[in-house]
Amino acid sequence: MIKYFTDIWTSITTILGGMGITFIHLIRARQDNVTLQYPEERWPRPERNIGFDHDNYNVIRTRLHVDMDDCIGCLKCERACPVDCIKIVTEKAPERGSDIKEIKHVGVTTNGTRKAMVVTRFDIDMSECCYCNLCTYPCPEECIFMTGGPNSSRHPLDYEFSEPDRDNLIYKFAKSGTKEGLDKYIGEKSAES
Amino acid sequence: MSSGLDNKIIELVLSALDGNMDSINALEDRVVRSKAKAALFKAKKDPGKFRAENTGDRSGADEVKETVTSDDSQKLIANFVLKGLDGDMDSINAIEDRVTRSKVKAALVKAKKSPDEYKKIHSPKAVSDVASSSSEVKKIVHEESINLKIKNLSVAKFPGSVLNENVDDFLMINPSIWYDFAIWLKTDSNLLFDSLQCQTGFDIDGKILEARYNLHSMSKKHYTEVRIQVPIENPKIPSVESVWRIADWFERETYDMFGIEFSNHRDLRRILLPEDWEGWPLRKNYEVQETYHGIVIPKMKEGWE
Amino acid sequence: MGIIRGEEMVLNIGPQHPATHGVLRLQVRTDGEIVSSITPYIGYLHRCFEKHCESVTYEQVIPFTDRCDYLASMTMNFGYVVAMEEMLEIKVNDRVQHIRVVMAELQRIASHLLGLGAFGLDIGAFTPFLHMLRDRERILDLFEMTCGARLLYNYMWIGGLSHDLPVGFVESTYKFLDYFEPKIDEFVNLLVHNKIFVERTADIGVMPQDVAISYGVTGPNLRASGLKWDLRRDDPYSIYNKFEFEVPVGEGGKGSVGDCWDRFYVRVLEMKESIKIVRQALASMPKDGDVHQSLPKKIKPPIGSIYKRTESPRGDLGYYIESDGSNIPYRLKMRSPAFTALSVIDEIAAGWLLSDVLAILGSLDIVLGEIDR
Amino acid sequence: MTVDFLFDSLVSLFPSWENTDPFLVISMLIPLVATFGFITVYALVVIYAELKVSSFIQDKVGPMGQGVGLHAGKWGLLQPIADALKLLSKEDIIPSSANKLLFILAPFMIFVGAFISFIALPFNGSIIVSDLNIGIFYILGVGSLAVIALILAGWSSNNKWSLYGGMRSAAQIISYEIPAGLSLIVVIMLAGSLNMQEIIIYQQGGISNWIIFDNPFMPIAFVVYFISALAETNRTPFDLPESESELVAGFVTEYSGMRYAFFFLSEYANMFVVSVVAVTGFLGGWQSPFSGSLDSPLMGVFWMLSKTAFLIFIMIWIRWTVPRLRVDQLMHLCWKVFLPIGLFNIFAVAIWTVLFG
């Protein structure tokens, strides 16, 4: 019998206690609010300061981007990818380290490496990418990276990249017509000599 | 044993099957009552099976007897081997039972490799030593590794069960005695492996399938690994699902992935893959099906290669 | 008075059901509201983790471990790298170890937060769930700050970490812990002692200790059954032996030992212990030390196998790795704690009402990604 | 504003008309249309309140509009309208194996049950569709119509979850009628009438004359009635029939679009009905809490609506705080807690009235 009434008593007190807590939240809604009005307010970038100049230092995982002018075609990123979403095809450059204006090929990277390869195909299937960041570490030229992050002045934070067609999610970074242009260039060269 | 129910509930259910529902309804404890009722529902589907299973459970003494007799025959063999080692081959040849005779001879060949050790283990005197001075044994056992301890202990009960010489990392067990060995591992007061941590299969170069059991004792805090090899053509291993209940799902998974058949498993179905999946995916020679239910499985995505 | 027996009905809870925490199908036989047997059907989320691992290199396995238990990716990474480091005999420096412990414990809090919140949701309390998610977001912010990802981190590497801690991480973590500790008490007052919640969980789905051990149930579920078994204490890996913490066990505070309420409350207490560990680890963390110092150039473990267990938020997470000397695992088996936890459901939930089955399922805190792998 | 009043005024306006049947129809239609409009507007308001209160409790701000687009209007005021439009324009699906007739019938029946309860609700001294002399009894009676509709919905969907929901709700609503009725019997004993207006008039004279403060047992009766009312309207913690984490959506699992909207609407309408009954029976109805002041007819409407709104707010508040009960605990609460308390209350109030009344 005593248990009967203590049960009723604990029911009332605990439920009222819970209602008190929710009421505090109710009246403090303005201060406690944690949500954002999404299309107007974007999720802020986390404050990450690693303590040195970090123009290329990237931790934010949004979509992959490749600086083709710096890519030397070493295939390290392709090998690092656990889901095989990167596909690179390279051709031997006729002359190591020299620009080929016809196909907008830049011979020397910003790090000063002279390129021996011309990348004719650099496709990344973003629909398969698992955002593991593994491809960005082995890159000797730091030319493949995730956009956003500390260098977002160059590449703004973007996590909305929906596409109406799946094929649009295969990003083709190699400059269009590189293969044909290169063949033509080599043909002309051999014709000259 | 089989359904893991309390004896009390089993008794209640058995009495209820005979028509005595009052004993269940009179139960005070709500938990037990509902459990008993649930068990009754299950049991009523096939009362005969339930009775057989659970009354068999209580008469488990019979099984023990059987193992004792086999133990006796092993002792007999050991006796003969000892005689043989001393040069008395006649007594072995005089054994009438052909099976025993061949067993003795096989054991003798093995024993001749290291006759001293065999004598040490199997001479009646040594056995009694182990039994009498258990505290001393414990001290020794503490120094040696748990695998070695299991091996040494098992020789008396299951001679020839541990197949590998070097037991630093694991114990290779003879599949035919695995079920009894598992019960012994779980119940022996020196071992008490009450928890099966992990069970998995291996495909060794497409010829041998191996099941590995990682055992752990929650009370003794020691750990061992047991391996069992079977040929890939006829992969059959006794199920230990009734020893460690989790082996139920682990063995189903191993069956699912490797096709190792666990005999006496009550419900050996595929667990992760659909029932009608073809092949055993984690075998090294597995090839992906061409179609599944008429859907062609793409090897490479379109527009990629 | 006999039982009124109706016709037995087969009910499929799932694969699409709000309370199954993923895609799980429970085939339930019911008589009215009373459930007489439960048959779980799993595999709807099977992604061939183990088969995948046989075709990728050792370091490429890590992103796949993330995706197994997507609510506790850090501890998934942790278990794998600890196993691999033991195999390769790599010693990592103290700073890496401390950072790993901090991350793993923060992840444990985050995982328990979601587990507790979702359990509340199964019982019908919606508000605690969102409060839990709100606090979990702050932990995810800390992770995003560290490694850029919010859910699937690929943060711990064999022999190191992908990034060092950013400037200000330690302060932010302290700030979070100070903020979070009172929130646990608020949560306890809001839900844990609520009479309706107690009625729904106390004495429900009691898991006796021997059943739990026999079914290989580990982690908080086993501890709730009264066994003090925590790999961080009993088989310390990494540097857990440096820290002082309690291993909370179920004491049957509102009912009997090993009921749903105990499983729930053990997790609440574990969050407090995790906070303690994080504080100690942050305080004793060495300032210098390169997180990439001991990254091996080539990962080719010697021929052999290893079975290494670590304590994930859901229990003993074991990796069985067999190496044939190449840079690709010959076989990699993950022993997932939720797999064993789910297998016990028929044993402890049969005989209860339909609502209780879902409460028990919630209390086991399963993650289907890890069960199906 | 009763039907009789309308009819009389129409007759007196057109005294030359011999046949008064059209007047009767018109005088019945006008209040019905007005009631329907009121329910719709009220539902939109309560849906908005529910969204906002739940959001605030959960540290969110709920539907908001800001910036250029004003997505849901200022403070999200347009959100319920958008919800309503969405429900109305959704595809209407009838499962192929459902019992079509009953499936279509159920949402209308449940709405009719809630709708005809509005006939006896007093908004002030004169605004009442029909001042029935058995008003409170009538509301309890037609409130039970919902049970039939819920069983129909659950059974005709041909879905196991729906069936569970239907059976649970039937058991629940029928059971909780009893403690609710017992609590109201105490009120009727004090007021000596079943007429809603007379019960309100009995409480004339300020807050101290309200029935809830009449004697020490009345607060208990009020709480019992209020919780039973929660159960009757299938609100958390008694939302077992439609508990989303157990029964997916219970009896409304198979309903979509317009038909679902009817269930939704009638749930909120029922909330209003039970709140008005609680206000009438315990909180002085449309009477001002301050004796003699602020009691014009218009203020009567205000007092009625604000008191009702307060109770509805408490319902929402409870919903977002507590978990859900289990079905046997629900019955335990009804038959082993509320029923004894209700009976004891009748006894105690009777003695109290004899001794001190």
Side-chain angles (χ1 to χ4, degrees), chain A residues 1-48 60-63 147-149 152-153 155-166 168, chain D residues 49-76 79 179 219-220 222-224 226-227 230 235-238 310 313-325 329-330 332-342 344:
Chain A
M1 199 62 188
I2 294 165
K3 190 177 175 298
Y4 182 81
F5 286 108
T6 47
D7 275 358
I8 293 175
W9 175 246
T10 48
S11 310
I12 294 168
T13 49
T14 54
I15 290 172
L16 285 182
M19 285 173 73
I21 290 170
T22 45
F23 190 72
I24 291 167
H25 279 280
L26 182 70
I27 53 173
R28 285 172 52 88
R30 282 280 160 196
Q31 295 100 296
D32 286 353
N33 170 36
V34 290
T35 52
L36 293 172
Q37 299 302 305
Y38 168 58
E40 282 83 26
E41 301 169 19
R42 298 299 179 87
W43 193 257
R45 271 196 299 279
E47 299 155 13
R48 185 187 163 98
I60 305 301
R61 310 231 185 129
T62 59
R63 71 178 121 175
T147 56
S152 61
S153 52
H155 310 281
L157 181 68
D158 51 354
Y159 37 73
E160 312 142 313
F161 42 104
S162 58
E163 295 281 357
D165 189 351
R166 282 177 82 100
N168 294 352
Chain D
E50 179 114 45
L51 286 171
K52 277 296 184 187
V53 169
S54 66
S55 299
F56 288 164
I57 284 176
Q58 294 157 358
D59 288 352
K60 309 184 288 182
V61 285
M64 280 299 258
Q66 51 169 262
V68 192
L70 280 176
H71 303 280
K74 187 79 178 161
W75 305 314
Q79 185 66 43
I220 302 174
F222 173 70
V223 169
V224 170
F226 188 70
I227 295 175
L230 273 180
R235 300 278 298 178
T236 314
F238 307 102
F310 177 69
F313 165 72
I314 290 181
M315 284 183 176
I316 296 172
W317 181 13
I318 289 178
R319 173 171 180 182
W320 296 105
T321 303
V322 294
R324 181 185 308 124
L325 280 167
Q329 290 161 351
L330 180 91
H332 177 271
L333 185 67
C334 174
W335 295 103
K336 293 193 182 163
V337 180
F338 285 170
L339 198 64
I341 290 179
F344 168 77

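Computed from a predicted model, the values in this text were never measured in an experiment. Lettering follows sequence order; numbering is per chain, from 1.
- Atom CG of A/Asn33 sits about 12.0 Å away from atom CD of D/Gln58, to the nearest 0.5 Å.
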Can D/Val61 and A/Thr35 be said to form a side-chain contact (heavy atoms from CB on, under 4.5 Å), step by step? CA-CA 7 Å; D/Val61 285; A/Thr35 52; 4.0 Å; yes
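- Rounding to the nearest 0.5 Å gives a distance of 12.0 Å between CD1 of A/Ile27 and CZ of D/Phe56.
- Within the 4.5 angstrom heavy-atom criterion, only side-chain atoms of D/Pro340, from C-beta onward, approach chain A.
- Contacts of A/Ile21 with chain D are absent, with no heavy-atom separation under 4.5 Å from either backbone or side chain.
- Taken from CD1 in D/Ile316 to CG in A/Leu26, the straight-line distance is 10.5 Å, to the nearest 0.5 Å.
- Interface remark: of the candidates A/Asp7, A/Ile8, A/Thr22, A/Thr22 forms the most heavy-atom pairs closer than 4.5 Å to chain D.
- Looking at A/Phe23, both its backbone and its side chain come within 4.5 Å of chain D, counting heavy atoms on both sides.
- Interatomic distance, A/Met19 CE to D/Ile318 CD1, rounded to the nearest 0.5 Å: 4.5 Å.
- Within 6.0 Å of the CZ atom in D/Phe344, the count of heavy atoms belonging to other residues, nucleotides or ligands does not exceed 12.
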